[in-house]
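Index from 1, following the sequence.
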Amino acid sequence: MRGGDSLALAAASLLVLSTATSHGGSEPDARRTENWPSWRGPTGQGYAHESNVPLTWSESENLLWKTDLPGRGNSSPIIWGDRIFLTAASQNGHERYVLCVRAADGKMLWKQVASNKAPPGKTHDWNGYASSSCVTDGARVYAFFGTPGLFCYDFEGNLVWKHDFGIFTSETGWGTAASPFLFEDLVIQNCDNDGPQALPPGHKSEEAAPMALVALDKKTGEVRWRADRDQGRGFSTPILITAAKGQPDLVLNGPRGVWAYDPRTGKERWHCERKAPGEWETNPARFGEPLPVFNQETLFAASGRPGPFQAIRLGGAGDVTRSHLVWEVVRKGHRDVSSPILWEDLIYAVDSKGFLTCQEVKTAQFVYNERIGDRALASPVEIGGKLLFVLDDGTTLVLQPGGEFKVLHKNVLGEGKALDFAASPAVAGDRLYLRSQSRLYCIGERK
């Protein structure tokens, strides 16, 4: 499909997204996931559909290959055909890389230095300088690094264009992590940041990146629309949902709540605010980095910090905070870096301290709360009706979904180092791909 029609690609994406809602209450779609073109897969929900990926592995079992990667990073593998795309950065962040690995054997096909001049700025230990995952349409690959910009390469590693948004600021020095998103002929980037007031000394206000959601022409990199948000730093990636009458809504979880836009124009369609007691500037409900999950009627969004977890009825317009809020409960655990996963009317969410909750979508009642490890930063995936949760030390738990906490398998890769596995898994065909800070692993059955 390299060089295929972008409108056809968008229509296919909408079809996949609409069928993804079946996982929330009816029979799941059984089509295989052959490509993993964006973070959390074709649906943005972590569903791999039917797959023959083995559910047990180790350094000596069902490990087809592992490849050392230059630099470090937390971005997830993005797969199209026999190409795997990742980002990485040097230890100090001065150099940012876009990588292409061959899926058949793990051979590094090319490495491009996207940036080696932009000041790296500060970042959090959980984040690093290469946390945003690439996105691809089968012809080009797009990679975002914050202040260095958004880069477009062809599949041979040639730079097609680069767009410079300006300086991304964070008063706390946590860096950037939102991944680019493709819709029709647009590449859309969440640019939530703390704006001009947080610029380093000596910089002018116009040098700051826009506190906005920005759409670029995916062929040229020119700005097509901009939706100002002015919400402060945020780390989430947009998702696409099919609303009433087949209308596509571009939904972004952010610091102040959930906003939906017309993906073709950037015009706001609806929003649901998220607040907690206290002044907004010290409000613990901010951030909103987890991707929402959704079924045919409702969207579920966590705040990213201990605070409100909301169920929002779809189909509204304007401010739906009062009219479409189905329920709101408080997650009292720890920071939510990982995004939840919805499966058969239950929502599973693991926080940064490794506490996994299972919650009913209709009543918001918590079914269980179990600790599965010391820390979890990666988002879970579903494979063949089983749920996979990756811990930061390289341990992956395979769970049987349902009202009873049941671990089916416990798999271990790596050296057991903290913060080593923060990238979310990827699935393509009958293979599972796991990324540590410095290695890429391919899991599958030998044939």
Side-chain angles (χ1 to χ4, degrees), residues 14 17-18 20-21 23-25 43-45 178 181 183 188 190-192 211-213 215 225-232 234-278 280 283-331 336 339-342 345 347 349 359-365:
L14 277 172
L17 282 161
S18 63
T21 60
H23 296 292
T43 65
Q45 301 290 280
F181 181 85
F183 176 77
I188 302 171
N190 174 17
C191 296
D192 283 347
M211 303 168 70
L213 187 64
W225 58 254
R226 165 175 158 174
D228 290 330
R229 288 170 51 78
D230 299 328
Q231 297 192 22
F235 309 93
S236 195
T237 299
I239 60 171
L240 197 70
I241 64 173
T242 303
K245 300 180 181 179
Q247 169 184 284
D249 278 358
L250 186 72
V251 176
L252 179 60
N253 192 16
R256 296 180 182 269
V258 179
W259 261 251
Y261 302 88
D262 181 334
R264 296 184 176 95
T265 66
K267 182 180 178 180
E268 181 186 323
R269 285 190 167 142
W270 59 263
H271 72 269
C272 183
E273 295 186 13
R274 177 174 55 238
K275 293 185 178 180
W280 180 252
N283 189 331
R286 295 185 71 174
F287 298 158
E289 67 256 51
L291 260 67
V293 293
F294 59 92
N295 58 26
Q296 292 174 338
E297 299 86 20
T298 312
L299 179 138
F300 308 89
S303 63
R305 277 205 171 177
F309 185 29
Q310 296 176 321
I312 306 163
R313 188 170 73 253
L314 298 173
D319 186 347
V320 302
T321 307
R322 294 181 180 273
S323 61
H324 284 63
L325 189 60
V326 179
W327 52 252
E328 179 177 281
V329 297
V330 176
R331 283 181 61 78
D336 285 317
S339 298
I341 191 165
L342 169 63
D345 293 330
I347 300 173
Q359 186 175 0
E360 294 180 353
V361 299
K362 294 181 180 179
T363 66
Q365 180 178 349

Please round to the nearest 0.5 Å and tell me the distance separating atom [atom1] of [X] and atom [atom2] of [Y].
| X | Y | atom1 | atom2 | value |
| --- | --- | --- | --- | --- |
| Asn295 | Lys362 | CG | NZ | 9.5 Å |
| Ser303 | Asp336 | OG | CG | 6.5 Å |
| Asp319 | Cys272 | CG | SG | 7.5 Å |
| Leu240 | Phe183 | CG | CZ | 6.0 Å |
| Trp270 | Leu314 | CH2 | CG | 6.0 Å |
| Phe300 | Leu342 | CZ | CG | 6.0 Å |

Taking the side chain from [X] and the backbone from [Y], do they hold a donor-acceptor pair closer than 3.5 Å?
| X | Y | value |
| --- | --- | --- |
| Gln310 | Glu273 | yes |
| Arg313 | Ser323 | yes |
| Ser339 | Pro290 | no |
| Glu289 | Ser236 | no |
| Thr298 | Ala311 | no |
| Gln45 | Phe294 | yes |
| Asn253 | Ala302 | yes |
| Glu297 | Gly315 | no |

- [ ] Evaluate the criterion side-chain contact (heavy atoms from CB on, under 4.5 Å) for residue pair Trp225 and Ile188; output intermediate values, then yes/no.
- [x] CA-CA 9 Å; Trp225 58 254; Ile188 302 171; 4.1 Å; yes
Task: Carboxylate-amine/guanidinium contact Arg269 Asp249, below 4.0 Å - done: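 Salt bridge between Arg269 and Asp249, a charged N being under 4.0 Å from a carboxylate O: yes.
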Task: salt_bridge(Asp192, Arg229) N-O dist < 4.0 Å - done: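 Yes.
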Indicate the atoms forming the closest heavy-atom contact of [X] with [Y], along with that distance.
| X | Y | result |
| --- | --- | --- |
| Ala227 | Gly266 | CB-O, 3.5 Å |
| Asp230 | Arg256 | O-NE, 4.1 Å |
| Gln231 | Gly254 | OE1-C, 4.0 Å |
| Ala364 | Trp327 | CB-CD2, 3.4 Å |
| Pro248 | Pro263 | O-CD, 3.3 Å |

With the side chain counted from C-beta on, respond yes when [X] and [Y] share a heavy-atom pair under 4.5 Å apart, and no when they do not.
| X | Y | answer |
| --- | --- | --- |
| Ile341 | Ile347 | no |
| Ile239 | Ile241 | yes |
| Val326 | Ile312 | no |

- [ ] Take Leu252 and Asn190, measure what side-chain contact (heavy atoms from CB on, under 4.5 Å) needs, and give me the verdict at the end.
- [x] CA-CA 8 Å; Leu252 179 60; Asn190 174 17; 3.8 Å; yes
- [ ] Tell me, with the steps shown, if Val258 and Leu299 meet side-chain contact (heavy atoms from CB on, under 4.5 Å).
- [x] CA-CA 10 Å; Val258 179; Leu299 179 138; 4.1 Å; yes
Open item on the list: Using the rule given for side-chain contact (heavy atoms from CB on, under 4.5 Å), can you reason through Trp259 versus Leu213, listing the C-alpha separation, both sets of side-chain angles and the distance that settles it, and then say yes or no?
Closed with: CA-CA 11 Å; Trp259 261 251; Leu213 187 64; over 6 Å; no
